[in-house]
Amino acid sequence: HIVLFLRELYSRFFSFLSWVFLFAVWVIRWEEERYTDGSKWRFLEHKGPVFAPPYEPLPDNVRFFYDGKNMKLSAPAEEVATFFAKMLDHEYTTKDIFRKNFFKDWRKEMTPEEKSKLTDLNKCNFSEMNEYFKAQSEAKKQMSKEEKQKIKEENERVLQEYGYCIMDNHKERIGNFRIEPPGLFRGRGDHPKMGMLKRRIRPEDIIINCSKDSKQPKPPPGTRWKEVRHDNKVTWLVSWTENIQGSIKYIMLNPSSRIKGEKDWQKYETARRLKKCVDRIRAQYRDDWKSKEMRIRQRAVALYFIDKLALRAGNEKEEGETADTVGCCSLRVEHIKLYPKIDEQEYVVEFDFLGKDSIRYYNKIPVEKRVFKNLQLFLENKQPEDDLFDRLNTSILNKHLQELMDGLTAKVFRTYNASITLQQQLKELTCPDDSIPAKILSYNRANRAVAILCNHQRAPPKTFEKSMQNLQTKIDEKQKQLSTARKQLKTAKADHKRKAVQRIEEQLMKLQVQATDREENKQIALGTSKLNYLDPRISVAWCKKWGIPVEKIYNKTQREKFAWAIDMAEDDYEF
DNA sequence: CCTGCGACTTGCATTCAAAGAC
DNA sequence: GTCTTTGAATGCAAGTCGCAGG
């Protein structure tokens, strides 16, 4: 007995120790390691990027025709031609700007002879190339299991070698360790640069960032890096300058990494601080609607929109460099319409503009009389293309916000309003007696409310109608099944019959819930809000409170990204 | 102030792979 | 097993915001 007792004591002691240890690890991982000098790490080691595979010239039997005549292209010209040929089925290639930009850049890659011969894109026939690539992708699909397995293994090997780095004491997953391959730029919306050639990135374009005491990544044989630097004030491992906009691209860590997780946590903590003082800020901007200064009134009305409608800040953009899209501060007169009275409502503002990614924002909302009067004032003597808020920009607004609360910027309102909406909707929609699938439907509905607030849209999936139909047939079948099962139960009141009925009822309910969920989600994208705006601790707490496994709302990747929240949040967490 | 740049987050679409239907 | 469908992973464009330098 004594031996058993000691054993028990030992095991308790060790389980206690391991608990202490785990807790310490948790604290170290999420609480410690705030460098006070702005540095992001002390040690960083990685293998550098993976480059795009080199161009493989087309076989001779794949021909290109100009003006009906077969023509063998030089390798550089041929490569660019294949980019276009691959996109032939896409609507892009019919657009004037796309064709014009492509042709201009293509000609730069041609030999002098090619340049003098190929003067009209309309006379170019890429169809054999196009068919060749279609056949190739078809062949890829038809590959044997073994061949597919081999490719998979090779990918896994590359991932193991290049996909991880050491940052401080952790091995971390890298987000995007492959360099973007060359191709034709496809902007979103009406982009003036669509069709331009995105050039191939070489080692000589690459800046490596790592710590001095690390093993430096080696450039491919016979090449060298543009630069190797040791800047621990930034988080990126690799950077290069892209040729379309001249902007810098980075290789950074995966969202599951310490450095991203901490930043994410910080973001939600800032939003929670806003929660504490949002009433004061709202009172202030309402007061500012009456200011004698125009710039203050504009600032106050803009902030009201950002708060109420979750609009983005709206930085100025260089004209002609990008698609014409706007956010709050860059709204123009042409983007709003004022209705003193419409459909029984007073002081209605109609918004209609293209926002980020050229997604349309359309909304008609009644506003306070004072806001309405201010808007009328802002519109006076202006042309449609003039700025609505001519005395305001994001930098002015953010400076003001900074004075109202440390760390406050326009986007914090989006985070705050998204998260608080989720929390409040979950409270409102979750019925304690509901089954798990019904509760998850409620969760999705709460998530959907946020997505609608943030205007997160998607193109309805091409197969949407069909997949809805399929689901409906399943439901019909299940209903038939249920009625037969019920009949059988009536004739023979056996226990297993009763159970069968119950089981089928459950299945039917599950299907119906699924159908509702899918229908409501037709044009709404939940992913962005889930990943970027909703404090994951709200969701984790909700799961704990109602006994819902976290896996039901977060998949593996999401659980990795939100590991910090899954660790932290208890069932009583309040945003 | 204004402008441009740099770093980092956000966002939709496409591609890929696993699950489910046949 | 094979074909379809679906959800996850990836891709990369497009925002936000702070800061340096004139």
Side-chain angles (χ1 to χ4, degrees), chain A residues 38 40 52 90 137 140-142 145 148 151-152 155 159 163 175-181 183 185-189 191 193-194 198 207 209 231 233-236 239 241-242 244-255 259-260 263-264 266-267 306 311-318 321-323 325-330 354-359 393-399 401-402 407-415 418 451 454-459 461-464 466-467 470-471 473-474 514 518 523-533 554-558 560-561:
Chain A
K40 308 288 171 70
H90 205 290
S137 68
K140 211 173 155 194
K141 272 186 217 152
Q142 298 303 320
K145 238 198 239 156
K148 282 183 182 166
I151 292 174
K152 206 175 156 187
N155 283 340
L159 174 68
N176 55 324
F177 54 88
R178 289 174 201 276
I179 301 275
E180 294 170 23
F185 175 81
R186 316 142 79 133
R188 313 247 179 163
H191 199 115
K193 297 195 172 184
M194 63 168 78
K198 224 171 70 163
I207 301 174
N209 193 32
D231 181 358
K233 299 280 191 288
V234 297
T235 67
W236 53 266
S239 79
T241 301
E242 150 274 348
I244 302 289
Q245 323 269 3
S247 66
I248 307 169
K249 299 255 183 169
Y250 303 93
I251 290 181
M252 289 182 188
L253 297 193
N254 187 276
I259 206 155
K260 295 284 187 190
K263 198 77 189 297
D264 211 31
Q266 241 179 60
K267 175 180 77 183
I306 284 172
L311 299 190
R312 296 186 187 84
N315 284 308
E316 302 101 298
K317 303 169 81 186
E318 220 175 322
E321 293 291 301
T322 57
T325 63
V326 297
C328 186
C329 294
S330 51
L354 297 182
K356 181 176 180 181
D357 291 309
S358 294
I359 297 291
N393 60 41
T394 54
S395 141
I396 295 171
L397 179 65
N398 281 332
K399 274 204 190 90
L401 293 177
Q402 180 59 45
L408 187 60
T409 64
K411 87 186 184 84
V412 178
F413 281 88
R414 246 167 107 80
T415 313
C454 294
N455 199 228
H456 292 142
Q457 299 186 24
R458 62 168 184 176
K462 279 175 233 103
T463 53
F464 185 83
K466 212 174 92 197
S467 84
N470 289 349
L471 201 51
T473 16
K474 268 199 214 165
Q514 206 187 345
R518 196 179 294 177
Q523 306 205 55
I524 297 163
L526 299 186
T528 300
S529 50
K530 202 173 189 177
L531 249 39
N532 301 301
Y533 288 104
Y554 289 142
N555 65 35
K556 186 168 137 288
T557 320
Q558 292 165 342
E560 279 165 13
K561 168 168 172 156

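In what follows, every chain begins at residue 1, and chains take the letters A, B, ... in the order their sequences are listed. If you're wondering where the values come from, they're calculated on a predicted model, not measured in any experiment.
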Per nearest nucleotide of DNA chain C, the residue lying toward the 5' end, V412(A) or Q245(A), is Q245(A)
Using heavy atoms to find the nearest nucleotide of DNA chain C for R186(A) and Q558(A) separately, return the residue whose nucleotide is more 5′. Q558(A)
Can you pull the contact range of chain A along DNA chain B, 5' to 3', using atoms under 4.0 angstrom from its heavy atoms? dG6(B) to dA21(B)
Do T325(A) and K317(A) get their side chains close enough for a donor-acceptor pair, meaning under 3.5 Å? yes
Spacing between [X] atom [atom1] and [N] atom [atom2], to the nearest angstrom:
X	N	atom1	atom2	result
K399(A)	dT16(C)	NZ	P	16 Å
H456(A)	dG15(C)	NE2	P	13 Å
E316(A)	dT16(C)	CD	P	10 Å
K198(A)	dA14(C)	NZ	C1'	13 Å

Does [X] reach a base, just sugar-phosphate, or nothing at all? Heavy atoms under 4.0 Å.
X	result
T325(A)	sugar-phosphate
P181(A)	sugar-phosphate
T394(A)	nothing
I359(A)	sugar-phosphate
G327(A)	nothing

Can you tell me which nucleotide in dC12(C), dA14(C), dG11(C) comes closest to the side chain of K356(A)? dA14(C)
When you measure from the side chain of K317(A), which nucleotide among dG15(C), dC17(C), dA14(C) comes out closest? dG15(C)
Return no unless some side-chain N or O of N398(A) is found under 4.0 Å from OP1 or OP2 of dC17(C). yes
Determine: side-chain N/O of T322(A) to OP1/OP2 of dA14(C), distance under 4.0 Å, yes or no. no
In Å and rounded to the nearest 0.5 Å, what is the CG to SG distance from N315(A) to C329(A)? 8.0 Å
As an exercise, state the distance from CZ of R458(A) to CG of L526(A), rounded to the nearest 0.5 Å. 7.5 Å
Sort me out a list of protein N/O and nucleotides 19-22 of chain C N/O pairs below 3.5 Å, or just none if empty.
none

Counting neighbours of NZ on K148(A) that are heavy atoms of other residues, nucleotides or ligands and sit closer than 6.0 Å, is the number greater than 12? yes
Taking only nitrogen or oxygen atoms into account, show me every contact under 3.5 Å that the protein makes with nucleotides 5-8 of chain C, one pair per line with its distance.
residue : atom : partner : partner atom : Å
dT5(C)  : OP1  : K466(A) : NZ           : 3.1
dT5(C)  : OP2  : K466(A) : NZ           : 3.2
dT6(C)  : OP1  : R518(A) : NH1          : 3.3

Where the side chain of K193(A) meets the backbone of F185(A), is there a donor-acceptor pair that is under 3.5 Å apart? no
